[in-house]
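See structure below.
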Amino acid sequence: MARLAILWLAAASDALKPAAVHLGECVVQRAVQTQLQYSAALRNEPQVSWLSQFLDHEHLDSTGRHIGAAGLAQSYTPALRQLTTGWVEYLDALGDAEDTVVEVELAQPPNRLSERQKKNPFLMAQAQKSMFYDEPISPRWILHRMLKTADALCSTWTTHLGVLEEDDLERVARDRMAVKGLPSKGMDDIEQLREGGETVYTQGDDQMPLAVFDRRLCDRVCTLRALDALSAELAGLEREADPVKAVASTDYLRIKAVTEARDDCDDERVLAKREARRRRLEGAWATGDDAARATAAIAAARAFVSEFQELWGPLLEQGGRLSDVEKRARRKPGQKPPRPVGHGADADEAMEIFWEYRERYARASVAGGELVLPAKMGLRVRELRAAAARAARDELAGEVIPRLRLTRDQYPEPEQALGAAMQALTNSYRLEDSGTTLGEAAARAGL
């Protein structure tokens, strides 16, 4: 009965699990956010306003940004699946959009009002004079700037995915060594260079403004895909005719658990307590022959992975907002920093959970948990993540980049030069009453 409950839990989790996000959607989303950051840095507020409102994507803009200033990298949402439409449909809609204009208001700085003036209701209700002009918006030019940004993202992401694959495979090989090497001077030098900001990503040209969070996004996508692959692998083991052979083919499952014997005490009372504890623990273990225990081990592993995905899946989808400096500042020995409300997690936090088990077993609430070794399961996740990173590079090269080229050919650059429709402010501005009163302007400025 317990095994049926475990299988039902795993099947329900697989049914409710969202489909894997496409890298094309991630590339377009981050290209939009990068263009918003570039435009804000150039103080091109009309384009920031138009692009953020295009197809209702205001949530992709920076939160807490001041007008006329670029937002910090962590102020742009790192969450996945933030496009309101498909990534191909978004590019097509941007290419098909007609040229338009945005009315810009240049409000004069509010004057400091005396207490006598503030008590005058007629003066406070008087409309403020502002200068208005029309800013032309060319969606086709915005599209081509976004395509260039997307090409740069594909290039940098391909490099990072290769580094991720190499690092994961190196970590797996190092952790599986029978005799592990001690830290060397070269390792210390590399760590000091990394903390000083000199890494493989800072060689040559400057990074893009959201590059750090782009790399974390790639890590999170590959981690989510690796967890899905591990769940599928366990489902395949469950369908095997010989469960004992299936368990023997993995490193993170075992058929028999052994309690560690300790001989560091001769006190009979202490030994009696240890024996009672051992019997209590082993009383909850899976029983039966090797086939029964192997079946219980696979079922317990599926339940463990399902619970892990249920907890960490939404956090990885949301993503962390802390910068590298904030992460290092918040980390205390033996402690984990509290996660701010509304923040997700990065891949390194999720992978650390597996490592924390060390030699301990899963301790699941169901029989068979003692046959699951999460630390070695984490190594398998790293292997699968390396394969996911390799597949992601192929996805970028075989699906995303060709589609970006097709969009560029389908919507060529306009023949009219960028800014040709812009007129001098002295010829196009209008001096009219603003929708803001003198009292509201003074109160907004704190005068």
Side-chain angles (χ1 to χ4, degrees), residues 19-39 51 54-55 57 60 76 78-97 138-168 200-226 228-229 319 347 384-414:
V21 62
H22 195 279
L23 277 182
E25 180 180 349
C26 300
V27 168
V28 172
Q29 174 185 326
R30 299 304 286 180
V32 173
Q33 293 178 302
T34 303
Q35 281 299 313
L36 289 173
Q37 202 277 346
Y38 282 151
S39 299
L51 184 57
F54 183 71
L55 298 182
H57 286 94
L60 295 183
Y76 295 86
L80 305 176
R81 312 174 194 276
Q82 294 301 299
L83 292 180
T84 59
T85 182
W87 65 283
V88 177
E89 290 76 8
Y90 181 91
L91 296 176
D92 291 341
L94 189 57
D96 293 331
S138 177
R140 189 68 63 85
W141 278 112
I142 296 177
L143 171 64
H144 279 272
R145 287 198 298 269
M146 192 177 299
L147 290 175
K148 292 179 181 178
T149 303
D151 288 339
L153 288 176
C154 290
S155 176
T156 55
W157 289 16
T158 299
T159 301
H160 173 69
L161 290 170
V163 174
L164 176 63
E165 178 187 2
E166 182 180 351
D167 289 348
D168 277 346
V200 66
Y201 306 106
T202 56
Q203 303 293 332
D205 297 336
D206 293 336
Q207 299 185 89
M208 302 180 76
L210 309 181
V212 174
F213 291 88
D214 289 341
R215 294 196 291 268
R216 294 184 192 174
L217 182 143
C218 294
D219 295 345
R220 290 187 285 120
V221 170
C222 291
T223 303
L224 289 170
R225 293 182 176 184
D228 292 341
L384 295 174
R385 190 169 72 168
R390 185 166 54 253
R393 292 205 314 271
D394 296 339
E395 182 180 349
L396 287 175
E399 299 182 26
V400 180
I401 295 178
R403 190 61 182 83
L404 295 176
R405 291 173 181 170
L406 181 62
T407 302
R408 184 180 291 104
D409 296 337
Q410 184 179 357
Y411 301 100
E413 293 185 4

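Here the structure is a predicted model, which means the values were calculated and not measured.
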Ignoring hydrogens and geometry, is there a side-chain-to-backbone donor-acceptor pair from Arg225 to Val21 under 3.5 Å? yes

Can you tell if the side chain of His22 reaches within under 4.5 Å of the side chain of Glu399, non-hydrogen atoms only? yes

Does a side-chain heavy-atom distance below 4.5 Å link Leu55 with Leu94? no

What do the steps show when you test Phe54 against Val32 for side-chain contact (heavy atoms from CB on, under 4.5 Å), and what is the final call? CA-CA 11 Å; Phe54 183 71; Val32 173; over 6 Å; no

Which heavy atom in Ala150 sits nearest to a heavy atom in Leu404, and how many Å separate them? CB-CD1, 3.7 Å

Within the side chain of Arg140, is there an N or O that forms a donor-acceptor pair under 3.5 Å with the backbone of Pro412? yes

Which pair of heavy atoms, one from Arg393 and one from Thr158, lies closest together, and at what distance? CD-O, 3.3 Å

Check whether any side-chain heavy atom of Asp92 lies under 4.5 Å from a side-chain heavy atom of Tyr411, and answer yes or no. yes

Are more than 12 heavy atoms, taken from residues, nucleotides or ligands other than Glu166, located less than 6.0 Å from that residue's CD atom? no

Could you give the distance from CG (Leu147) to CG (Asp151), rounded to the nearest 0.5 Å? 6.5 Å

Heavy-atom pair of closest approach, residues Ala397 and Pro402: O-CD, 3.4 Å

Flag the pair Ser39 / Leu51 as yes when at least one side-chain heavy-atom distance between them is below 4.5 Å, and no otherwise. no

The criterion is salt bridge (Lys or Arg N to Asp or Glu O under 4.0 Å); which residues satisfy it with Asp96, sequence neighbours excluded? none

Yes or no on side-chain contact (heavy atoms from CB on, under 4.5 Å) for Leu60 and Leu83, after CA distance, side-chain angles and deciding distance? CA-CA 9 Å; Leu60 295 183; Leu83 292 180; 4.3 Å; yes

For Leu23 and Glu395, the nearest pair of non-hydrogen atoms, with its separation, is N-OE2, 3.1 Å

Euclidean distance, Leu406 CG relative to Gln410 CD, rounded to 0.5 Å: 6.0 Å

Asp219 side chain near His160 side chain, heavy-atom distance below 4.5 Å: yes

For Ala389, which residues count as a side-chain contact (heavy atoms from CB on, under 4.5 Å) partner, sequence neighbours excluded? Leu161, Leu164, Glu165, Cys222

Nearest-0.5 Å distance that lies between atom CZ in Arg81 and atom SG in Cys26: 8.5 Å

What's the spacing between Arg30 CZ and Met146 CE if we round to 0.5 Å? 13.5 Å

Can you tell me how far the CD atom of Gln207 sits from the CG atom of Asp214, to the nearest 0.5 Å? 9.5 Å

Measure the shortest side-chain to side-chain distance between Leu217 and Arg220 over non-hydrogen atoms and say whether it is less than 4.5 angstrom. yes

Over all heavy atoms of both residues, which pair between Ala226 and Leu384 is shortest? Give the atoms and the distance, please. O-CD1, 3.7 Å

Would you tell me whether Arg145 and Thr149 have side-chain atoms, one donor and one acceptor, within less than 3.5 Å of each other? no

His57 side chain to Gln33 main-chain N or O, any donor-acceptor pair under 3.5 Å? no

Is it true that a side-chain atom of Gln29 and a backbone atom of Ala79 form a donor plus acceptor pair closer than 3.5 Å? yes

Euclidean distance, Trp87 CH2 relative to Thr407 OG1, rounded to 0.5 Å: 7.0 Å

Can you list the steps and then say if Gln37 with Thr34 is a side-chain contact (heavy atoms from CB on, under 4.5 Å)? CA-CA 5 Å; Gln37 202 277 346; Thr34 303; 5.6 Å; no

Closest heavy-atom pair and its distance - Tyr76, Leu210: CD1-CD2, 4.0 Å

